[in-house]
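Written below as structure tokens is the structure these notes are about.
These values consider heavy atoms only, across backbone and side chains, with no hydrogens, waters or symmetry-generated copies. Ligands are counted one by one from 1 in listed order, and the atoms in each one are counted from 1 as well.
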Amino acid sequence: MARTRMEDRMEAYVPPASDAASVSQDETAARIRELKASLGSDVLLLAHHYQRDAVVALADVVGDSLRLARAAAEATARHIVFCGVRFMAETADILTDPGQAVYLAEASAGCSMADMASVDALEAAWDELAAAGAGKVLPLAYVNSTAALKAFVGRHGGLTCTSSNAAQALSWLLSQGAKAFFFPDEHLGRVAARELGLPLTETAVWDRGKARGGLDARAMAEARVYLWNGFCVVHQMFEPQDAAAWREKEPGIRVIVHPECRLDVIGEADAYGSTETLSRMVDAAPAGSKWAVGTEINLVARLAERNPDKLVVSLSPCQAICANMYRTRPKSVLRVLEAVAAGTPPPPVRVDPAVAGQARLALERMLACA
Ligand code: SF4
């Protein structure tokens, strides 16, 4: 895969002298707090729910993609340090003013799902749909996608969505008298379509490895929602039998999962929702209740820790950890803050202004209808 300009700039960047690598975790946290206090309102630290505890404990705002996008859009800080993955930092850059800088705390943190859909592949699919006479098709991109992909969506009249508002966004799009092309996550797209009452026969999986998505003329004509066959490697770890295993072991346990899980897993669950929704369900539950949660392990472990009067376990016996989210450590944050305080900040995430302008259209349509 081609290197991004951000990766090129990070390679060229020489951080100022720092002993961040040699200090203990407690010292690191203390120094981060000192630096945040001295930088004051000039700096904002955003962290996704899937970050490790030590990072979450230092953040000003912790949330899912939608909450963090809103926090970035409303931020006045000149320096925004993002503890998450690249597409999130790109979104923050798109939604902030040119005078603000967004730094990805760990520059190498990407997202394998976002990388499963490229603009070139989508442009080719669009041409194939037009050639096949598929009619009016509008794109709907999960925010877990690159800025370039969001720009594609913006210039084709579509919008982005998060796991909180995918069905709402799909409903808006279908109300325009169009078919929808959902990407990059097949599973979120399918559950959104099901939420709207669309039969599965009106959805068609677009196989990204095949010409015309592997669809014959009839399938292409009959589908109302095309689903790009991308997926989250973390949420694919959950299996339908995990729910049955926990119910047998802990009668009365409630099974709740993220909508990036497969539909057969969601079908076995008592409820599904975004990370914010899953967190609220557990936090608001009565003492003594039991929960098997199908999402990233760092969030599940945190829910268990802050709800000691309930049983909170991971739905999966596997370690459902996002390796990319896990790259960010307090020391990553400390390096960025030390550099900002020294007046030699690392290269910010900068989305090309033309790309950002088109991507903003797609994001703002989402924020308006979310
Ligand atoms: S949990 Fe899945 S979708 Fe989220 S950043 Fe990790 S790989 Fe990407």
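For residue Cys322, no N/O/S atom approaches atom 2 (Fe) of ligand 1 to within less than 2.8 Å.
In this structure, His156 has its ring center closer than 6.0 angstrom to the ring center of Phe152.
Both the sub-6.0 Å distance and the 45° axial angle are not jointly satisfied by Arg262 relative to the ring of Phe238.
The protein non-hydrogen atom at the shortest distance from atom 8 (Fe) of ligand 1 is Cys111 SG, 2.4 Å. The protein heavy-atom contact nearest to atom 2 (Fe) of ligand 1 is Cys232 SG, 2.4 Å. Protein heavy atom closest to atom 7 (S) of ligand 1, with residue, atom name and distance, is Ser112 OG, 3.9 Å.
Side-chain N or O atoms of Asn307 include none that pairs as donor or acceptor with a backbone N or O of Lys310 at under 3.5 Å.
For Asn144, the heavy-atom gap to ligand 1 drops under 4.0 angstrom.
For ligand 1, the atoms lying closer than 4.0 Å to a non-hydrogen atom of Tyr50 are 1 (S).
For the pair Arg327 and Glu106, the salt-bridge criterion is not met [side-chain N within less than 4.0 Å of a carboxylate O].
Considering only heavy atoms from C-beta on, Trp126 comes within 4.5 Å of Phe181 through its side chain.
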